[in-house]
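Only heavy atoms go into these numbers, but all of them, side chains included; no hydrogens, no water, no symmetry mates. Proteins come first, then strands; the chains are lettered A, B, ... in the order of their sequence lines, and each starts at number 1.
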Amino acid sequence: MFHLLEKRLQEAVSAHLAACCEYAGPVAVGAPAQPEFGELGTAVAFQLARQWKKPPRAIAQELAAGIGAIEGVAALEPAGNGYLNVRFERGYYGRQALEGAGGVPATARTEKIIVEHTNINPNKAAHIGHLRNAVLGDTFVRMLRARGYQVEVQNYIDNTGVQVADVVAGFHFLENKALDQVAELARGERFDYLCWDLYARTSAYYKEHPEALAWRAETLHAVESGQGVLAGMAHLVADAVVHAHLKTMWRLGIAYDVLPRESEILHLKFWATAFDLLRQRGAIQLETEGKNSGCWVMPASSFSDDSADQDSKVIVRSNGTVTYVGKDIAYQLWKFGLLGKDFFYRVWSVYPDGKQVWVSTDEPQPAGHAFGAGARVYNVIDSRQSYLQNVVVAGLRALGYTDQAERSVHFSYEMVALSPRTCVELGIQLSEEDQKRSYVEVSGRKGLGVKADDLIDKLIETAAREVDSRHPDAPAAERLQVATQIAIGALRYFMLKFTRNTVIAFDFQEALSFEGDTGPYVQYAAVRARNILRKFGERGDKLPDFAAILDENAMRRHLASEDFWQLLVAASKADAAIEWALASGEPAHVAKFAFTLAQSFNNFYHAHPVIHEENAERRAFLLWMTAYFGAQLDRTLTVLGIELPVYM
RNA sequence: GCGCCCGUAGCUCAGCCGGAUAGAGCGACUGGCUUCGAACCAGUAGGCCGGGGGUUCGAGUCCCUCCGGGCGCGCCA
């Protein structure tokens, strides 16, 4: 609702300035510093003052007089040295909020947006760093969908890379396991945990015995040829671990549409096609001398401003194999539908809610689902890869796809490290240097880190203790469900409360907290709102007909109270918050808004008893406010992927 | 050496293309449960927004510079 008025004001001011003075510059509209100043304001008069050589205050006055009536706006007030503040018509605003105006985007958007996230190497269990990736990506998807965008969620599976090869080498060479033995293990519980340990052990073994690296080479070679025991084992391991990852992510409410796999990129020769394109259009060139002799490289001038100081990037090695960046360029081309090739697809698995997730395959399938060919692509990838992501985008540009290069976004985020205190809890030995730092980086290769499922389990355990003590008589299964929802709420909120370029120093104590700026705080507010309405019903009262009782005049009477008015304005900002978060690419803003909204409701809850209100009209208003807050909290939590427990 | 990111209250962090008196949570201290359940609320203390220069009517926000910290810069992915 707020967003609607915000847009309306912005358009009115812009239109007026265009008509009267041929001004076409930007007009920034936002909430004033103090609520007493009004609901919205603009400082545009200060900008104009310079050009027009007039005092800003005079301009603000002219604007106030010239803009004319705006639907829903009661007054335009010049203020301070040149601000123009706006007061809403309270009765109108309340009534519009009641009728649900401004809740949905006016037009559904047809272009397809691809969001790629998670992308965990399928050779070990997911850890907290992967959780940040997946939660950020999933929440961004939910934000887009909430605003009417069509989104396709991809989770890229590198099932033929070094990491999988190392685990396979571990099974085969280090542990002398046969294919059927590994298959047996893969059918068991927590195969991803077993791989986690084996991966660490194999990596450690390489370090002690560098000659064992030949195992890796042999395995990679076998995987590429697709023949033999090692190749079969690689398939088995990767598939089993992908199933484990999807299960872990599903615990957090995260699902995917399609899993494009590296193996099909190889078999369907995506790279060969991309290579022809790159060569024909001169994006890459064959080096004939120097250290990169025999390699196809992308010149530094393609991706760097001061190319004198930068090395060119090898795309094809001197032995003819393609690097990661090369494969990623091919993959990006496919995402935009520019490769002229596609995968075949089959159903990988079905989620408990019936939704299907598809996987790429090289075997022809009956015509069915098609994926890729997006108009816009977001790649949720850790900021440590920004150099490589730049090269990939430069590849698009060098091919002449400048539009697509601009629509390919590296949705980057900083790593999740561990607090020193948490390292001690996990029994990780810290050097003296590390102890002084505020955080310590995790390492999958060394097996150091917090596994996602362990963390979720620990959160559920902590939440369950609280739930059990508060609701000892509730059925056990229900208590567990509530504890799970609280745990997931806490975890998702924790991963979202930081802006993307903040390094998270993960700390158990902090993450296990359910008070203050946390997910459960927001859930608690929403549960309270629903409890009021439920309790009201349990007393045998019927919910009043809000639309009939609360006409514009009634709204105006109740919203004359500054207290109620500020609460309603705060509650009505959900769309504005989502829109802002989308524009700035910061899911954290939605989390922040959810917290502020919950705070507002808790204030309301504490200050105004609803059920015990004796005046019927006022009670109806309070009940409506409760319902409105509840709906807004619910909506915001949905965007954050946080569920609403039946009680707390 | 080059590139990117960070530096705001004791701690962890917000701060919407530059706008009015810099905010929140935690921690500390004081108070509030026989009410719609206190996973809550009200209040107090706590700041030269890393230092210095510049642009501007106006700078936590933009530019330059220095200091401190992190991450990248492979024919690994």
More than 12 heavy atoms of other groups within 6.0 Å of A:Asn292 CG: yes

Pairing partner of B:rA59, by Watson-Crick or G-U wobble and under 3.5 Å for both distances, is none

Nucleotides 19-29 of chain B: protein proximity per nucleotide (B base, S sugar-phosphate only, - neither; heavy atom, under 4.0 Å): BB---SSS---

For B:rA39, take OP1 and OP2 only and decide whether either is under 4.0 Å from a side-chain N or O of A:Tyr647. no

Roughly, in whole Å, what's the span from CG in A:Asp507 to C1' in B:rU12? 10 Å

Can you tell me how far C1' of B:rC36 sits from CE of A:Met625, to the nearest Å? 15 Å

Ring geometry between A:His608 and A:Phe564 (parallel below 30°, tilted from 30 to 60°, perpendicular above 60°): tilted

Considering every strand shown, what is the Watson-Crick or G-U wobble mate of B:rC2 when both distances are under 3.5 Å? B:rG72

Would you say a side-chain N or O of A:Asn602 is under 4.0 Å from OP1 or OP2 of B:rC40? no

Using the C1' atom as the reference point in each nucleotide, state the distance between B:rG50 and B:rC6 in Å, no decimals. 11 Å

Roughly how far apart, to the nearest Å, are B:rG25 and B:rU44 at atom P? 13 Å

Return the value, rounded to whole Å, for the distance between atom CG of A:Asn501 and atom C1' of B:rG7. 13 Å

Would you say a side-chain N or O of A:Arg470 is under 4.0 Å from OP1 or OP2 of B:rA39? yes

P atom, B:rC49 versus B:rU30: distance in rounded Å? 31 Å

Nucleotide nearest A:Phe514 when distance is taken to its side chain, options B:rA39, B:rC41, B:rU12: B:rA39

Cation-aromatic face contact A:Lys458/A:Phe508, 6.0 Å, 45 degrees: yes

Please report the distance, rounded to the nearest Å, between CZ in A:Phe601 and P in B:rC36. 14 Å

Sugar-phosphate atoms are those with a prime plus P, OP1 and OP2; base atoms are the rest. Using that split, label each nucleotide of nucleotides 68-77 of chain B B, S or - for protein heavy atoms under 4.0 Å, 5' to 3'. --SSSS-BSB

Rounded P spacing from B:rG19 to B:rC11 in Å: 27 Å

Should A:Lys7 and A:Glu579 count as an ion pair when the cut-off is N to O under 4.0 Å? no

Give every donor-acceptor pair under 3.5 Å between a side-chain atom in residues 514-529 of chain A and any protein atom, sequence neighbours left out.
{"from": "A:Asp517", "atom 1": "OD1", "to": "A:Tyr493", "atom 2": "OH", "distance (Å)": "2.5"}
{"from": "A:Asp517", "atom 1": "OD2", "to": "A:Lys592", "atom 2": "NZ", "distance (Å)": "3.4"}
{"from": "A:Thr518", "atom 1": "OG1", "to": "A:Phe514", "atom 2": "O", "distance (Å)": "3.3"}
{"from": "A:Thr518", "atom 1": "OG1", "to": "A:Tyr521", "atom 2": "N", "distance (Å)": "3.3"}
{"from": "A:Tyr521", "atom 1": "OH", "to": "A:Asn602", "atom 2": "ND2", "distance (Å)": "3.1"}
{"from": "A:Gln523", "atom 1": "NE2", "to": "A:Gln485", "atom 2": "O", "distance (Å)": "3.1"}
{"from": "A:Gln523", "atom 1": "NE2", "to": "A:Glu643", "atom 2": "O", "distance (Å)": "2.8"}
{"from": "A:Arg528", "atom 1": "NH1", "to": "A:Asn602", "atom 2": "OD1", "distance (Å)": "2.7"}

Pairwise C1' distance, B:rA45 and B:rA28 [rounded to whole Å]: 9 Å

Can you check the distance between B:rG7 and B:rG51, where both ends of the measurement are the P atom (answer in whole Å)? 13 Å

My understanding is that only residues two or more places apart in sequence, or in another chain, count here; which of them pass ring pair (Phe, Tyr, Trp, His ring centres under 6.0 Å) with A:Trp580? A:His589

Heavy atoms, side chains only, cut-off 4.5 Å: are A:Phe275 and A:Ile315 in contact? no

Nearest-Å distance for atom pair NE2/C1', residues A:His410 and B:rC5: 12 Å

Can you name the atoms? Protein N/O to nucleotides 43-50 of chain B N/O, anything below 3.5 Å, with the distance.
none

Whole-Å distance separating the CG atom of A:Asp468 from the P atom of B:rA39: 15 Å

Any A:Arg528 side-chain nitrogen or oxygen under 4.0 Å from OP1 or OP2 of B:rA39: no

With C1' as the reference atom in both, quote the distance from B:rG23 to B:rA77 in angstrom, rounded to an integer. 42 Å

How would you label the contact of A:His608 with the nucleic acid (heavy atoms, under 4.0 Å): base, sugar-phosphate, or nothing? base

For A:Ile486 and B:rA39, give me the distance from atom CD1 to atom C1', rounded to whole Å. 8 Å

Atom pairs under 3.5 Å: protein N/O with N/O of nucleotides 15-17 of chain B:
{"from": "B:rC16", "atom 1": "O4'", "to": "A:Trp580", "atom 2": "NE1", "distance (Å)": "3.2"}

Give a yes or no on whether the backbone of A:His612 and the side-chain of A:Arg619 come within a donor-acceptor separation of less than 3.5 Å. no

Check: A:Asp166 main-chain N/O paired with A:Arg216 side-chain donor or acceptor under 3.5 Å: no

Between B:rG58 atom P and A:Ile59 atom CD1, what is the distance in whole Å? 17 Å

Please work out if A:Val391 contacts a base, only the sugar-phosphate, or nothing of the nucleic acid, heavy-atom cut-off 4.0 Å. nothing

A:Ser412 side chain near B:rC4 phosphate (N/O to OP1/OP2, under 4.0 Å): no

Spacing of the P atoms in B:rU55 and B:rC40 (rounded, Å): 49 Å

